[in-house]
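For reference, the structure discussed in these notes is given below.
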2 protein chains.
Amino acid sequence: MATETEENYIKAIYKITEKNQGSANTNAIAQHLSTSPASVTDMLKRLSEKEYFHYEKYKGVYLTSKGIKMATNLVRKHRLWEVFLVDKLGFSWDEVHDLAEQLEHVDSDDLIKKLDDYLGNPKYDPHGDPIPNAEGKFTIRNQVSLQSLTKGEKGVVVGVREHDTPFLQYLNQQGISLGTEIKVLNHIDFDHSKNILIDNSSEKVLSQKACSNLFVKKSSS
Amino acid sequence: MATETEENYIKAIYKITEKNQGSANTNAIAQHLSTSPASVTDMLKRLSEKEYFHYEKYKGVYLTSKGIKMATNLVRKHRLWEVFLVDKLGFSWDEVHDLAEQLEHVDSDDLIKKLDDYLGNPKYDPHGDPIPNAEGKFTIRNQVSLQSLTKGEKGVVVGVREHDTPFLQYLNQQGISLGTEIKVLNHIDFDHSKNILIDNSSEKVLSQKACSNLFVKKSSS
DNA sequence: AAATATTTTTAGATTAGCTTAAAAATATTA
DNA sequence: TAATATTTTTAAGCTAATCTAAAAATATTT
């Protein structure tokens, strides 16, 4: 069994390589884990012997299939716990990350299987992120950034790109959550903000940044 | 925040002092935690500075109120998670101990509060052990060992003294669980075993050892 | 290509928690 | 009480994970 620290390294490498065309460098890992680059080098040397990833000095690392399997399993556990916390315990979507970060390290395949069934085998977590299945496969979905919708077009919110707490809380305030229907009333060229209609009732203005962080499923307009 | 190891030491000391008139010695702690007496001495020296217990060389330790608070909170968390695993996820009472042992270290008062509410503020865990409230208070119950029932007397199973897996699985086989009604048909003097009637339907023989490990609430016979 | 900046690694130390072996203290028995 | 047994502590050392400071390698700029 891997230690919690080891699991966190693998997950960090996975997250970074997701964005970074397949490889993660020392500094990025250090930043992601709030530790020093020296510690990371140290850890990479020791961990690479366990075959979770390939490591070449000064060249960064990339995960092996063993490492990917471990990482997706952690993602799976994290997201299932998030569903539990929101759907069953009544937490809000902006409160669950740190808790899931702890819970994901609990080690029991049986537990995860039972939890998954109990939650109704959800395919997406409370932020709209896909939950990989036991084999590590993600369910892909038809989605676009809200930014790409033009005047008159409509969509249903299905996810958020970044899910830092302030952004989620801002969405709460605006009355936007998963399932919210958004119609683009107007696009302001000047600053790329948008005038939108939320659930056919209230008008709001969303900045370019907010729009680019919202994923929607286009619906017929 | 205390580390997981620290929490395990405090809990071990608590469990031992519960049986051992208020103090725990080095060997007992070592055995309880499957570690060496030398490690325990080492740890006691370091931990006693954090005021969880009083430690005097060669004299063993006893918990301070700060330590007792921490221990009962761990017991609370452990037992609430056990209720969750059995009531919600469908685990059997003989499968939940090790999992709860992991889950009890998850750190969040808010989580425990919400979990408690979600479970309906249970007062007892799946083994019939009382769940301390947030202030560390246990709900006491009228109970006696099955051993003390005499011929003709009846009782309802409300708990088990030891809950090692083999014993619980044995009870499963015998069709005995919390809530089972037991009537003593006969007491065999020779080996102190008992002839019992389970839920008014099936007759069984229970050894002295089994009887002494079962708690019942006496009912009118 | 040389100079500068950035990134990564090495070196040397620290802390928590553990180990074994030996020494010291306490408890038990003859 | 002396001898023996048990318990506890000390001593020395290990591993995982971290740190800072310095050195080495790589990347960027002039």
Side-chain angles (χ1 to χ4, degrees), chain A residues 1-13 15-17 19-63 67 70 74 101-102 104-105 107, chain B residues 1-17 19-63 67 70-71 74 101-102 104-105 107:
Chain A
M1 237 278 289
T3 66
E4 208 165 305
T5 308
E6 286 175 358
E7 291 191 332
N8 286 333
Y9 269 87
I10 303 301
K11 220 181 69 169
I13 294 168
K15 297 267 179 195
I16 293 163
T17 51
K19 305 197 172 180
N20 218 41
Q21 31 263 16
S23 111
N25 58 12
T26 307
N27 262 0
I29 299 169
Q31 214 174 342
H32 204 280
L33 295 172
S34 307
T35 183
S36 71
S39 304
V40 173
T41 300
D42 212 62
M43 193 62 156
L44 293 184
K45 272 197 283 186
R46 265 184 299 133
L47 254 183
S48 65
E49 277 160 30
K50 300 196 180 178
E51 316 260 87
Y52 292 118
F53 49 74
H54 294 285
Y55 167 55
E56 220 184 316
K57 268 193 189 180
Y58 297 103
K59 295 279 171 66
V61 293
Y62 64 95
L63 292 178
M70 180 173 184
L74 284 167
E101 207 78 352
Q102 291 186 63
E104 74 188 13
H105 297 294
D107 177 46
Chain B
M1 236 279 289
T3 67
E4 207 166 305
T5 308
E6 286 175 357
E7 291 191 333
N8 285 334
Y9 268 86
I10 303 300
K11 220 181 69 167
I13 293 167
Y14 178 78
K15 295 268 178 195
I16 294 163
T17 51
K19 304 198 173 182
N20 218 40
Q21 31 262 18
S23 111
N25 59 11
T26 306
N27 262 0
I29 299 169
Q31 214 174 342
H32 205 279
L33 294 171
S34 305
T35 185
S36 70
S39 303
V40 173
T41 300
D42 211 61
M43 193 63 157
L44 293 183
K45 272 196 282 186
R46 265 184 298 133
L47 255 184
S48 65
E49 275 160 32
K50 299 197 181 178
E51 316 260 87
Y52 292 118
F53 50 73
H54 293 285
Y55 168 55
E56 221 183 316
K57 268 193 189 179
Y58 298 101
K59 295 279 171 66
V61 294
Y62 64 95
L63 293 178
M70 179 173 186
L74 283 166
E101 207 79 350
Q102 291 186 64
E104 74 188 12
H105 297 293
D107 176 46

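Residue numbers start from 1 in every chain, and the chains themselves are labelled A, B, ... in the order their sequence lines are given, proteins ahead of strands. Computed over heavy atoms, backbone and side chain alike; hydrogens, waters and symmetry mates excluded. Just so it is clear, the model here is predicted, and its values are computed rather than measured.
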Query raised in the report: Do any side-chain nitrogens or oxygens of B/Thr26 fall under 4.0 Å of OP1 or OP2 in D/dT9?
Result: yes
Query raised in the report: B/His32 and B/Asn8: side-chain donor and acceptor closer than 3.5 Å?
Result: no
Report task. Compare side-chain N and O positions of B/Asn27 against OP1 and OP2 of D/dT8 and report whether any pair is under 4.0 Å apart. Result -> yes
Query raised in the report: Closest approach of A/Met1 and A/Asp107, non-hydrogen atoms and distance?
Result: CG-OD2, 3.7 Å
Query raised in the report: Is any side-chain N or O of B/Thr3 closer than 4.0 Å to OP1 or OP2 of C/dA16?
Result: no
Query raised in the report: Taking only side-chain nitrogens and oxygens of A/Ser39, does any of them come within less than 4.0 Å of OP1 or OP2 of D/dT18?
Result: no
Query raised in the report: Would you say a side-chain N or O of A/Lys57 is under 4.0 Å from OP1 or OP2 of D/dT26?
Result: no
Report task. Begin with the C-alpha distance, continue with both residues' side-chain angles, and end with the deciding distance and a verdict on side-chain contact (heavy atoms from CB on, under 4.5 Å) for B/Ile29 and B/Val61. Result -> CA-CA 10 Å; B/Ile29 299 169; B/Val61 294; 4.1 Å; yes
Query raised in the report: Can you check whether B/Thr5 has a side-chain N or O nearer than 4.0 Å to OP1 or OP2 of C/dG17?
Result: yes
Query raised in the report: In whole angstrom, what separates B/Leu44's CG from D/dT7's P?
Result: 16 Å
Report task. Respond yes when some side-chain nitrogen or oxygen of B/Lys45 is under 4.0 Å from OP1 or OP2 of D/dT10, and no when none is. Result -> yes
Query raised in the report: So, is B/Tyr58 near the phosphate of C/dA23, with a side-chain N or O under 4.0 Å from OP1 or OP2?
Result: no
Query raised in the report: Between A/Lys11 and A/Glu101, is there a side-chain N and carboxylate O pair less than 4.0 Å apart?
Result: yes
